[in-house]
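All values below come from the heavy atoms of this structure, side chains included, with hydrogens, waters and symmetry mates left out. Order of the sequence lines fixes the chain letters, A, B, ..., with proteins taken first and strands second; residue numbering starts at 1 for each chain.
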There are 2 protein chains.
Amino acid sequence: MALTQTAETRCSKPILVAVNKPFDDEGGLQALRSHPLFAALSGQDLQYILQQSRRLHLGHHQLLYRQDMPAHQFFFVISGCLRLYRLDSSGIDRTLDSIASGDCFAEVMIYADPPRYACYAEALKASEVLVIPVKAYQDLLEINPRYAQAALRHYAKRAVSRFHDLEIMTVQNARDRLIRYLIDLLPNGTEEGGEVELPLPKCLVASRLAMQPETFSRILADLKSSGLVRVNRSRLFISDPQRLVDISQ
Amino acid sequence: MALTQTAETRCSKPILVAVNKPFDDEGGLQALRSHPLFAALSGQDLQYILQQSRRLHLGHHQLLYRQDMPAHQFFFVISGCLRLYRLDSSGIDRTLDSIASGDCFAEVMIYADPPRYACYAEALKASEVLVIPVKAYQDLLEINPRYAQAALRHYAKRAVSRFHDLEIMTVQNARDRLIRYLIDLLPNGTEEGGEVELPLPKCLVASRLAMQPETFSRILADLKSSGLVRVNRSRLFISDPQRLVDISQ
DNA sequence: CTGAGTAATTGATTTAACTCAAGGTGGGGT
DNA sequence: ACCCCACCTTGAGTTAAATCAATTACTCAG
């Protein structure tokens, strides 16, 4: 059974069809400007993208797209957060990634052939996304090939980051996977401690790390009682990341 | 302990320093031409890349580069096969990818900052690789931004493929991970059966799938006795992939 | 504030996978 | 041909994690 009740079970149709107001918000525009895929764009070209795009509101647990759906848009998160997941035929729900405000996702669709979404995407809470037609960005790259430099850098980084995610998943025991996941959440890795916020509810972090929610809970309780992690709801305080790494392996 | 004896334990220094003969082989050149990153290059530009590159012979289990080493080159496999892996501080050896003849690897280094290899790379048998200076390819993209299109397509595909690898690893049980891995090796997925060759020795496939060699062996023995897979050394014959998928989940 | 529903925790039990250990097997070198 | 050395397989015992089952804690809507 699914680990959590998904949008799939609640609201039957994805909502990409909805047409909303154009994107004219100043704050959101600033955020878009600072994303690597858009930072280099001229004012005019950015305007073109925005004209072609639509702003979309997603409710709690609302489905944005389905696995295998034709992919003609990619997305930028103006506010809120989402997750990417897959559903087995048996209905097992496996979380693959969490998406935060300021992130782009499904942007690989710009070059996918055929363009079909590789997973489901749903909002974890009320969120605003910018729906960007793949074609619009392609047009821009066609006209100004210099823009490809930034895109290349972005894609290379994304590939590295996926590789790193994969690396975590080849760690064989649940505790060590969780520890590595936590270290990655820290802004400076093992360099210095700090407070991190889980980007997903605990049961979905568990799913992301290929373990059961009960296992997640027990491991975290362990780390807590060993004084390695201080837990407050979805906020974790890690004072000494190096100690965490030392007990793993 | 390491699952298998690695180059690390045998030969202490990576061999990137070696300077070999330039790349002038016709067969290898054809293969390079057909790689997405090089297919679009003009004869002159390809020649430039080849002039800057060196051909390198690697012996069985020879180390090509180390995790965290400064990365000024990327690679194209002319013949043979390699694997990418990481080593924990406790010496646990985790295989992350297998590289076959005709593949490019570490090519994300063209855009990495700072450019450091994310893992180890070693030859699994005697192999020939083309050592391409990152700078050479960067120069080309600088001069002809149109080349970036092909590179973008390649990087997007790579990101998708890593995402898919990650997806396999979120499958919680060993048997189902193995089944999915096998299906992916089939040229047409579940569409039709066929013979596949494991791209890695069994103990390394096990490592790649985050399980012990013994577990791998037992699962394969199970599948064999159920008539789902016919095993001949590292060659597996899968007559009905759909049946395999059906028993997973 | 209160109750309903979801998420998180905790306990007891079962099971899948790991570990340790002992044989096989097949290919490459002498 | 033979032996040697990896690699692989198989077995027995142990352990980590899954499963099943309750209880507790939040969150949100009314």
Side-chain angles (χ1 to χ4, degrees), chain A residues 1-7 9-10 59-61 83 90 92-95 122 124-126 169-179 198 200-225 229 231-236 247-249, chain B residues 1-7 9-10 59-61 83 90 92-95 122 124-126 169-179 198 200-225 229 231-236 247-249:
Chain A
M1 256 306 292
L3 290 172
T4 200
Q5 193 184 8
T6 65
T9 56
R10 255 187 310 278
H60 184 59
H61 276 161
R83 71 166 177 134
S90 52
I92 293 171
D93 172 313
R94 291 175 297 128
T95 299
E122 70 159 14
L124 291 170
K125 58 182 180 187
M169 298 311 287
T170 61
V171 173
Q172 286 195 35
N173 76 64
R175 159 189 281 239
D176 292 357
R177 283 199 303 279
L178 175 52
I179 288 176
L198 296 176
L200 295 162
K202 289 173 181 174
C203 68
L204 295 182
V205 175
S207 154
R208 167 73 181 72
L209 297 175
M211 66 182 78
Q212 294 299 315
E214 294 93 329
T215 304
F216 178 94
S217 183
R218 280 185 251 265
I219 293 172
L220 204 58
D222 255 25
L223 296 178
K224 199 160 48 172
S225 73
V229 175
V231 182
N232 178 274
R233 196 97 200 93
S234 74
R235 263 180 233 289
L236 311 185
I247 67 149
S248 77
Q249 296 155 13
Chain B
M1 256 306 290
L3 290 174
T4 200
Q5 192 184 9
T6 65
T9 55
R10 255 188 310 278
H60 184 59
H61 277 160
R83 70 165 179 136
S90 53
I92 293 171
D93 172 312
R94 292 175 296 125
T95 298
E122 70 160 15
L124 291 171
K125 58 182 181 189
M169 299 310 288
T170 60
V171 172
Q172 286 194 34
N173 75 64
R175 160 188 281 240
D176 292 358
R177 283 199 302 279
L178 175 53
I179 288 176
L198 296 176
L200 295 164
K202 289 174 181 173
C203 66
L204 295 181
V205 175
S207 153
R208 168 72 182 71
L209 296 175
M211 66 182 78
Q212 293 300 316
E214 294 94 330
T215 304
F216 178 93
S217 184
R218 280 187 250 267
I219 292 171
L220 204 57
D222 255 26
L223 296 178
K224 198 161 49 171
S225 73
V229 175
V231 182
N232 177 274
R233 198 108 194 85
S234 73
R235 262 181 233 291
L236 311 184
I247 67 149
S248 77
Q249 295 156 15

Task: Heavy-atom side-chain contact between B:T95 and B:V205 under 4.5 Å - done: no
Task: Euclidean distance, atom NE2 of residue B:H61 to atom P of C:dG28 [Å, nearest integer] - done: 14 Å
Task: A:C203 SG to A:R208 CZ distance, which is reported to the nearest 0.5 Å - done: 14.5 Å
Task: Relative orientation of the end axes in the helix from C:dC1-D:dG30 to C:dA22-D:dT9, expressed as an angle to the nearest 10° (five pairs per end) - done: 50°
Task: Distance-only polar pair, side chains of A:R94 and B:T170, donor-acceptor under 3.5 Å - done: yes
Task: From C:dA8, D:dC8, D:dT10, nucleotide with atom closest to A:K202 side chain - done: C:dA8
Open item on the list: Tell me the interatomic distance from B:L200, atom CG, to D:dC8, atom C1', rounded to whole angstroms.
Closed with: 15 Å
TODO: Do nucleotides 12-20 of chain C as a string where each nucleotide becomes B, S or -: B if the base has a protein heavy atom under 4.0 Å, S if just the sugar-phosphate does, - if no protein is that close.
DONE: B----SSBB
Can you tabulate the close N/O pairs, meaning under 3.5 Å, that link protein atoms to atoms of nucleotides 26-30 of chain D?
residue : atom : partner : partner atom : Å
D:dC26  : O3'  : A:R233  : NE           : 3.4
D:dT27  : OP1  : A:R233  : NE           : 3.0

Open item on the list: Can you confirm whether A:V171 sits close enough to A:I179 that some side-chain heavy atom of one is under 4.5 Å from a side-chain heavy atom of the other?
Closed with: no
Open item on the list: Nearest 0.5 Å, please: how far is CG in B:L198 from CZ in B:R233?
Closed with: 10.5 Å
TODO: State which residues pass side-chain contact (heavy atoms from CB on, under 4.5 Å) with B:A210; sequence neighbours excluded, sorted by chain then number.
DONE: A:Q172, B:M169, B:R177
Task: Sequence-distant partners of A:R218, side chain to side chain donor-acceptor pair (under 3.5 Å), two or more places apart - done: none
Open item on the list: Run the side-chain contact (heavy atoms from CB on, under 4.5 Å) test against B:N173 and tell me which residues pass, sequence neighbours left out.
Closed with: B:R175, B:D176
TODO: For the residue pair A:E214 and A:I219, establish whether any side-chain heavy-atom pair is separated by less than 4.5 Å.
DONE: no
Task: Interatomic distance, A:F216 atom CZ to A:L204 atom CG [nearest 0.5 angstrom] - done: 10.5 Å
TODO: Answer yes or no: is there a side-chain heavy-atom contact under 4.5 Å between B:H60 and B:L124?
DONE: no
Task: Atom-to-atom span, CG of B:L220 to C1' of D:dC7 - whole angstrom - done: 14 Å
Open item on the list: Could you tell me how far apart B:R235 (CZ) and C:dG27 (P) are, to the nearest whole angstrom?
Closed with: 12 Å
TODO: Can you tell me the distance, in whole Å, between the NE2 atom of B:H60 and the P atom of D:dC5?
DONE: 14 Å
